[in-house]
Each structure stands twice: as C-alpha cells, then as structure tokens.
Amino acid sequence: MMNGLFHGLSRNVIVVQYIGLVTVTLATLIGFQVTFGNVLTGANLEVLAMNMVFEGIMALGMTFVIIMGGIDLSVASVYAFAEILVAKLMVQAGFPIAAAILITLIACSCLGALNGTLIVLFRVHPLIITMGILLTLRGINLAITDGHSVSGFSDEFLFLGQGKVFGVNLPIIFFGLAAAILGVLLANHRYFRQLYFIGGGERAARLSGVSVSRVKITIYMLSASLAGCAGVMAAAKYGAAHWAHGNLAELKAIAAVAIGGANINGGSGTIAGTVLGVIFLAVVHNAFVTSAVNPFWYDVVSGLMLLVAVSLSRFIALRNARAMLGLKQSKMDQLAAIHQH
Amino acid sequence: MLNAKGVSKSFFGNKVLDSVNFDVRPGEVHALVGENGAGKSTLINIIAGIHRRDSGKIVFDGKEVDFAHPLQAMEAGISVVHQELSLVPSTTVAENIFLRREKRNGVGLNDWRGMNRAATDVFRRISIDIDPNALAGSLSVGMQQLVEVAKAIALDAKLIIMEEPTSSLSEKDTAELFKVIRDLRQQGLGIIFVSHKLSELFTIADRITVLRDGRHIATEGVGSLTRESLIRMMVGRNLGNLYPPRAAAIGDVVFKCENLSCFGAVRDVNFEVRRREIVGLAGLVGSGRTEAMRALVNADKRASGSFWLDGQPVRIEDPEDALAYGIVYLSEDRKGSGLFLSYSIAENIGASTFDRYADRFGFLRPSALRTRAKEFIKRMDIRPPDESARVINLSGGNQQKVLISKALDVNPKVLIVDEPTRGVDVGAKALIHAQIRDLAQSGIGVIVVSSEMPEVVGLSDRILVFRNGAISAELDNQNGEVTQETIMTHAVYQ
C-alpha cells in the first residue's frame with residue numbers, strides 16, 4: 001500500500017515538472033504576444049526555433065552524457081571544428097558534399113572517442129578532460145583558419161542549413177527526428193538504459209557486468225557526432241565557417257538538459273525533458289530579444305534564464321517533497337487516530 | 001557445492017588470507033564471521049570473481065574454477081548481494097533485476113511487460129509482494145534489499161553471498177528477509193551469510209566459520225556454539241561482560257525537549273535527559289527516532305519544539321547553534337556527514353573547534369592540534385595511533401572513535417549518537433560502548449539512537465520507544481530488566 005503510494009508520487013514529480021515547464025513556456029509566449037504582439041508570427045517563430053536548434057542538437061547528446069554522470073564541454077569547439085572542416089574539404093580540397101560531410105562526422109566521432117578514452121584512461125573528471133579538448137580544439141580552429149571565415153559553398157550544401165521541407169527548416173526537422181529516435185532508444189533500448197545504471201552507481205554497474213569504459217567512450221562519440229552534425233548544418237545556414245561560432249554553446253546545451261529535469265550528477269533525465277528545456281530557453285530568449293531595446297542585454301538574459309529555470313525546477317521539487325511529507329503526515333495522523341481507543 | 005581449499009591472498013606483500021578452507025553445501029546457510037580485517041571480504045571477493053587468489057583451489061559444482069571477472073562467477077551461478085545497495089532509484093524494479101539480461105521485443109527494444117511478468121514470477125518464488133513497475137527509489141531499504149536477492153535468483157544463482165544484508169534493515173524487514181532465506185534454503189540453494197550481528201547468526205545459520213587475521217579458526221554447526229565461544233574465537237580473547245555497568249548515580253535534568261514536531265515525520269515528542277544518564281531511543285526504522293533527533297538540531301526543519309538546557313530556554317535554529325550550546329548530534333551516516341575522509345585524524349578531531357587551535361591572527365597552530373589529537377588517540381585507543389593518518393584508511397570502529405573524539409572536543413553537555421556501532425566489529429563495539437558510558441559518567445547527558453535492540457537494552461538507563469512518529473513508551477532500564485519483547489510490543493501497533 002505504502003509502496004504504491006510513493007511509486008505513483010515519485011513518477012508524478014517528473015510529470016509535474018514537465019507540466020510546470022510547459023506552463024511557464026506558454027505563459028511567456030502568450031504574455032509577450034499580448035504585450036508586444038510580434039512573438040507569434042510565422043517569421044518570428046522561425047527565428048525562435050532556428051536560434052536554439054544547434055544548441056538543441058548538442059543538448060540531445062549532452063543528455064546521454066549527463067545521465068551517465070559525465071559532462072561534455074568540448075561540444076562547442078567540435079561544432080566549430082565541423083564547420084571549418086566541412087568547409088575546407090569542399091571549398092579548398094574540392095571534395096563532393098557527401099564525402100566531405102562523411103569525413104567530417106568521422107573526424108568528430110574520433111574527437112569524441114578521444115574524450116572518452118582520456119576520461120576512462122586517466123580517471124580524471126570529464127569536466128577537466130573535455131575542457132582541455134574544448135580549449136585545444138578552439139585554438140586549432142583559430143590557427144587553421146588564421147581567424148578568417150571560410151565560405152563559398154554550393155547551393156546544394158546551403159540547402160542543408162537554409163532549405164525547407166514542408167515549410168520547415170531542415171535543421172529543425174533533423175532536431176525533431178533525432179530527438180524522437182534517440183528518445184525512444186534512451187527510454188527502451190538496453191544499451192542506453194545502461195547509462196542510468198552507470199550514472200546511478202558506477203561501481204555497482206561494473207559489478208553487474210556493464211562494460212562501463214566501452215559505454216562511456218561510445219557515448220562521448222555520440223555527443224561529438226551530434227555536435228558535428230550541428231556544425232555541418234550551421235556552416236550551411238550561415239554560409240560560412242568561423243572559429244568563433246558556437247562560443248558558449250556547451251553551456252546552453254547543459255542548461256537545457258538541467259532545466260529539463262536531469263540530475264547533473266547523473267542517474268536521471270529524459271530526452272523529452274531536454275526538448276522541453278530547449279524550447280523553454282528558445283522561447284524566453286526570443287521573447288526578451290524581440291522586446292528588449294538593447295541587444296547587448298543578450299547574455300544577461302541568457303544567464304538569468306538559467307537561474308530562473310533552475311530555481312523553478314527546484315521550487316517544483318520542493319513543493320513535491322512537501323506534498324509527499326503531507327501524505328506521510330496524514331497517514332501518521334490516521335494511524336494514531338485509529339489506535340487512540 | 002562449493003569447496004575452497006588452502007586459499008591465500010596477499011595485497012602489497014600483506015598476507016590477508018592464509019590458506020583458508022571453506023565449503024558450502026546445497027540447502028545450507030553458512031555464516032562467515034570475524035572482526036573487520038579478518039579476511040571475510042577478501043574470501044568472498046575471491047569466490048565471486050572480484051579478486052583472484054594467489055594460491056589454493058576452489059571447486060564449484062564439481063568443477064575447479066578460477067574466475068577472472070564477476071561476470072564469470074555470475075554465469076557459473078554465484079551471485080553477491082553487496083552491502084551497499086546497487087539499485088538505481090530512477091529505474092524500475094524489473095529493470096534493475098534484469099540489467100544486462102533484458103528481454104527484448106521484435107525490434108530489439110526492451111520488452112517491459114515481459115520483464116515485469118518475469119520479475120513477478122521471481123517475487124512469487126520467494127513469496128514477496130513488490131510491484132515490478134515501481135521505481136526502485138520509491139521502495140524502503142528493506143524492500144530494496146529483497147529486490148537485490150530477487151536479482152540474484154533471477155540469475156539462476158545456486159550460491160548467493162550476502163554481505164551484511166541486515167545492517168540497515170528494521171527488525172520487521174529482517175524477519176521478512178530471513179523468511180526468504182529459509183525459502184531459498186528449502187529450494188536447495190547455498191547461502192553464504194556475512195554479518196556482525198551475532199544474534200542473527202543463531203537464528204538463521206546452519207554452520208558458522210570464524211576467520212581471524214586471515215586464518216581459518218573454526219567451522220562448526222550452530223548447535224555446538226554459544227555466543228561467548230563465538231566471540232572468543234573471533235577476537236581471540238575473552239571480552240568479559242559485553243556491556244559496561246550502568247550509572248551509579250544519575251544526576252539532575254540537563255536537557256529538556258517539549259512539543260517537538262516535524263512535518264511528516266515526528267509528532268509531539270517530549271523528553272528529558274539527565275546528567276550521567278544514557279537514554280536509548282528504540283523503534284522501527286522510520287518510526288521517527290532519527291528524524292526526531294535531526295529535527296531537534298534543526299538539520300531537518302521542524303514544525304515546533306522548545307528546549308531547555310540546564311533549566312534555561314535555548315533557541316536552536318541550526319546544528320551550529322546546537323554545537324555552540326554544547327549539544328552535539330553525531331549522524332548515523334558517519335562517512336557521508338560526519339567525517340572528512342581524506343583528512344587526517346587530527347584535522348577531523350579539530351573540525352568543529354578550529355578557532356581554538358588558531359593564534360590571535362587566525363593562523364592555525366598545527367602543534368596544538370596535534371597535541372590534542374594525541375590525547376584523544378590515547379583516551380579512545382584509536383588505531384593506528386598516528387594523528388596524521390588519513391581517516392579513510394581507518395577501520396569502521398576507529399572511524400567511529402574519531403567521530404566521537406570530534407564531538408568531545410566541543411565539550412558537549414548533551415551528546416546524541418545515532419547508530420554508534422553500525423558496521424563495527426565486536427571488539428571495537430565493546431570499546432565504543434565503554435567510551436559512551438565513560439562520557440555519561442563524566443557528567444554528560446547521552447542519547448543513543450540504535451536499531452539494534454540488544455544495544456539499546458544493554459547500554460541505556462532509560463529507553464524511549466518510538467512508534468508512528470511519537471514516543472509510545474518510556475521504560476526504566478536502571479537494572480537492565482527491560483526485554484526486547486517489551487520494546488517490540490511498544491514499537492508496533494498491536
């Protein structure tokens with residue numbers, strides 16, 4: 001009886017958090033629409049979605065990494081590296097589009113493998129390793145381009161970032177499809193379910209026969225590959241590759257995952273939560289930017305958004321804990337009343 | 001079914017197992033006992049494939065085995081239920097049971113319904129009722145322990161090793177676990193049972209093997225052993241009376257608590273503690289005894305409560321306030337919230353009293369701290385007697401002594417100790433009990449919270465029994481005549 005009670009409740013905690021997130025997102029959207037009247041227009045919605053879509057794709061990979069108790073700061077420079085590499089391969093080396101993209105994605109997944117291998121080998125916190133890769137790779141990006149941007153893409157390539165299918169931008173379709181597929185796999189596939197066990201207790205997972213090192217390396221590869229996909233599409237969207245693209249994208253991706261309810265220490269999180277987190281960030285950000293006068297407030301808004309979102313999820317969690325205690329209290333009172341006589 | 005002969009193992013030139021013999025028959029519960037460091041864990045880890053032996057021979061199921069990895073042992077039919085729970089709270093019970101052996105549907109995704117059904121079958125086999133679709137984190141510790149057992153059974157284990165399975169279970173959950181163990185024994189499984197709680201061994205074990213300092217001391221049927229003979233074999237000497245004598249003269253009231261409540265955990269608790277008195281708090285896990293003490297120092301926010309120290313009303317807004325008044329609460333989770341594991345003994349002892357070891361410019365005087373630490377090491381018999389030793393390298397008993405020293409350095413008037421001897425071996429246990437009695441004797445009011453009833457009965461002058469968040473009985477134990485049965489009748493609703 002007791003078990004059933006808490007079982008239902010602890011699942012509801014997650015659901016309530018999602019509902020809260022959706023409510024606040026909708027409220028912001030409607031609130032700004034009523035006040036400024038320029039939010040819910042087709043053009044703005046496109047801007048809104050495209051603004052966060054690349055960080056969103058990175059956030060999908062980041063969800064996997066964070067659930068298994070890791071973190072991947074390097075995605076931002078992997079993203080810029082993918083832009084530059086795919087651009088150079090096509091523009092300077094004359095590779096066909098498909099080959100250039102393939103080579104770029106392979107290179108990115110190798111970078112992920114490097115992250116994973118170093119983390120497993122040195123047993124150093126992933127924060128440090130991936131920060132090392134982030135900084136090193138950013139330096140490489142700068143050095144190999146001399147600080148200039150690379151451009152001159154074919155129209156076919158530009159379609160990947162700017163084209164639309166059924167009126168929806170291709171990167172957004174990619175994000176939606178990737179989220180759906182990865183979401184189903186994360187929720188139901190035995191390989192990805194192992195992440196929860198690694199994040200929940202690495203030693204226990206190892207003793208239960210999970211090959212922790214192998215899983216870790218492959219997940220960092222997944223994260224880097226997704227960042228690579230984002231980078232390729234970003235090059236196409238902007239029509240140019242630049243080393244400074246994606247600066248701080250890693251933090252936005254992490255923020256989206258955290259807002260989506262994942263525990264930053266590992267063991268919990270879902271793709272649905274991350275998608276909600278991405279949408280929330282995109283909406284709040286867009287709302288502020290379309291209404292604010294001075295674009296220099298951009299970063300202030302980003303930072304505050306994270307703080308507000310995290311306090312919100314904390315508030316919801318506290319309220320749920322309180323509700324749980326309330327149930328316990330009423331059970332206790334009932335028991336005491338029954339045995340009064 | 002398992003026969004280990006002459007098993008030896010050294011770590012860094014240190015011989016921790018010295019040609020030990022050990023065997024398990026089908027349908028038997030074989031208890032493995034010994035003090036911390038006697039070699040129990042090493043032997044078990046070798047049997048389960050976590051460590052490899054240096055020499056000796058192990059035959060399991062008629063074949064000689066030498067497992068290189070726990071997976072191999074699992075495949076052969078040996079499962080370990082580790083002391084620390086390994087379930088992942090945010091995943092379901094069924095998923096935890098079938099980790100790495102998930103049932104799949106046509107497209108290779110997890111077949112949740114099939115796994116739930118299979119889990120229900122396993123639960124039915126050991127006659128327990130747990131919803132396989134519940135999140136593991138929503139189960140009580142006792143239920144989680146049973147899920148761990150179910151996990152071993154689902155692996156088709158023939159031999160199940162249980163490491164201190166009852167160390168955090170209530171009496172009720174322990175009874176449930178024992179029922180399951182008896183069931184398994186009936187079904188012909190072999191069970192290796194490791195525990196520090198001697199009374200349990202006599203309830204559940206068929207044979208007992210004693211290890212001491214890495215050597216095999218004896219293997220005997222439980223009928224030919226007594227508590228005393230078992231302890232003698234474990235520590236290699238007579239311990240004398242297990243519990244220290246009671247207080248000669250109890251003093252006046254030092255601390256009074258009125259109307260203490262904590263939402264969802266504690267209802268209107270009132271009690272007093274006198275000088276030179278040990279008050280034991282008994283009750284089932286979740287009955288509110290630990291919760292009341294946490295609410296007292298406001299570690300968990302309380303709803304109400306008034307306190308008097310030496311007759312003066314005091315305001316306790318957080319554990320720091322309590323400390324300033326000389327009311328010290330030692331948490332049951334000594335590694336998580338009591339000690340700084342990677343720091344030295346001296347640094348731990350001075351952790352609450354750093355100011356005292358600083359000069360007037362605020363610079364720490366390490367020599368003063370070291371001198372003080374040496375005093376405590378001598379007084380509490382902490383081993384190794386080296387104030388710069390890191391606490392992480394100490395045994396559980398010695399860690400507990402460091403924790404108590406840290407509390408004493410505050411010069412407490414009231415000391416609250418939660419589970420003072422959890423995971424501590426018999427030798428260190430007796431010492432800690434004696435120290436607690438000494439502290440009380442020196443004029444401190446002591447409150448001991450414990451889920452081990454023999455400890456509450458043996459140590460306390462007065463016993464408060466908790467039930468459903470409130471005190472259900474106050475029992476005078478001055479002459480040690482309170483029985484465990486009396487406590488039990490007040491701990492549960494009749």
Side-chain angles (χ1 to χ4, degrees), chain A residues 1-14 67 184-211 261-263 266-270 321-339, chain B residues 48-50 69-72 74-75 80 82 84-93 95-96 98-105 107-112 129-131 133-140 143 151 155 261-268 286 288 300 303 467-470 472 493-494:
Chain A
M1 178 171 61
M2 200 75 164
N3 286 334
L5 188 89
F6 288 111
H7 161 208
L9 214 79
S10 55
R11 270 204 194 151
N12 286 344
V13 171
I14 305 166
I67 288 173
V184 169
L185 288 180
L186 179 61
N188 294 304
H189 195 278
R190 61 190 179 285
Y191 190 80
F192 297 108
R193 296 303 300 175
Q194 295 183 118
L195 302 182
Y196 290 92
F197 289 84
I198 296 175
E202 198 175 315
R203 204 182 104 86
R206 192 169 277 135
L207 287 178
S208 307
V210 175
S211 33
N263 182 348
S268 74
T270 62
R322 180 121 191 114
M324 191 108 97
L325 280 179
L327 271 174
K328 261 174 131 177
Q329 178 77 35
S330 62
K331 263 191 86 78
M332 273 173 32
D333 291 344
Q334 271 173 27
L335 249 172
I338 292 168
H339 292 276
Chain B
I50 297 167
H69 193 276
L71 270 185
Q72 293 178 2
M74 265 182 234
E75 275 155 20
V80 189
H82 291 279
E84 67 262 49
L85 293 167
S86 61
L87 304 183
V88 175
S90 58
T91 56
T92 70
V93 167
E95 188 171 11
N96 273 287
F98 292 105
L99 173 64
R100 295 281 299 159
R101 293 167 301 105
E102 292 86 355
K103 296 192 185 307
R104 300 165 212 175
N105 60 18
V107 287
L109 296 180
N110 284 356
D111 174 12
W112 298 110
D129 180 29
I130 295 177
D131 175 8
N133 199 31
L135 294 183
S138 67
L139 301 184
S140 70
M143 287 294 160
K151 192 172 162 182
L155 275 163
S261 296
C262 180
F263 191 63
V266 181
R267 298 180 301 125
D268 192 21
D300 293 333
R467 179 180 65 199
N468 195 24
S472 58
Y493 282 117
Q494 298 300 316

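Letters A, B, ... are given to chains in the order of the sequence lines, protein chains preceding strands, and every chain is numbered from 1.
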S.K.: Among B:Y493, B:F98, B:W112, who wins on heavy-atom pairs under 4.5 Å with chain A?
M.R.: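 The answer is B:Y493.
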
S.K.: Can you list the steps and then say if B:R267 with A:Q329 is a side chain to side chain donor-acceptor pair (under 3.5 Å)?
M.R.: CA-CA 9 Å; B:R267 298 180 301 125; A:Q329 178 77 35; over 6 Å; no

S.K.: Under 4.5 Å heavy-atom distance to chain A, tell me which part of B:N96 shows up: side chain, backbone, both or neither.
M.R.: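 Backbone plus side chain of B:N96, per the 4.5 Å heavy-atom cut-off to chain A.
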
S.K.: Among B:G108, B:G469, B:C262, which residue forms the greatest number of heavy-atom pairs with chain A at distances under 4.5 Å?
M.R.: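 The option with the most such pairs is B:G108.
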
S.K.: Heavy-atom pairs under 4.5 Å with chain A - which of B:L87, B:I50, B:L99, B:L71 has more of them than the others?
M.R.: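 Answer, by heavy-atom pair count under 4.5 Å with chain A: B:L99.
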
S.K.: Is it the case that atom CZ in B:R104 sees more than 12 heavy atoms from other parts of the structure closer than 6.0 Å?
M.R.: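 Count not over threshold, so no.
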
S.K.: Any side-chain heavy atom of A:K331 within less than 4.5 Å of one from B:N468?
M.R.: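 In short, these two side chains do not touch, never coming nearer than 4.5 Å.
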
S.K.: Please state whether the side chain, the backbone, both or neither of B:L155 comes within less than 4.5 Å of a heavy atom of chain A.
M.R.: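 Neither the backbone nor the side chain of B:L155 comes within 4.5 Å of chain A.
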
S.K.: Using non-hydrogen atoms and a 4.5 Å limit, figure out which bit of B:A470 sits close to chain A: side chain, backbone, both or neither.
M.R.: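 When you check distances to chain A, no heavy atom of B:A470 falls under 4.5 Å.
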
S.K.: Answer yes or no: is there a side-chain heavy-atom contact under 4.5 Å between A:K328 and B:F263?
M.R.: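 A side-chain contact is absent here, since even the closest heavy-atom pair is not under 4.5 Å.
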
S.K.: In chain order, what residues pass the side chain to side chain contact (heavy atoms under 4.5 Å, CB included) check against B:L109, with sequence neighbours excluded?
M.R.: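 Side chain to side chain contact (heavy atoms under 4.5 Å, CB included) list for B:L109, sorted by chain: A:V184, A:L185, A:N188, A:H189, B:N105, B:V107.
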
S.K.: In terms of heavy-atom proximity below 4.5 Å to chain A, should B:V80 be classed as side chain, backbone, both, or neither?
M.R.: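 The answer is neither part of B:V80.
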
S.K.: Nearest 0.5 Å, what's the OG-NE2 distance between A:S211 and B:H69?
M.R.: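 So the OG of A:S211 and the NE2 of B:H69 are separated by 8.5 Å.
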
S.K.: Quick one: closest heavy-atom pair of B:T91 and A:F197, and the distance?
M.R.: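 For B:T91 and A:F197, the tightest heavy-atom pair comes out as OG1-CZ, 4.0 Å.
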
S.K.: Kindly state each residue pair satisfying salt bridge (Lys or Arg N to Asp or Glu O under 4.0 Å) with at least one member in residues 184-196 of chain A, sequence neighbours excluded.
M.R.: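 Qualifying pairs, neighbours excluded: A:R193-B:E95.
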
S.K.: At a heavy-atom distance under 4.5 Å, which candidate from B:A265, B:P70, B:A48 has the highest pair count against chain A?
M.R.: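 That would be B:A265.
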
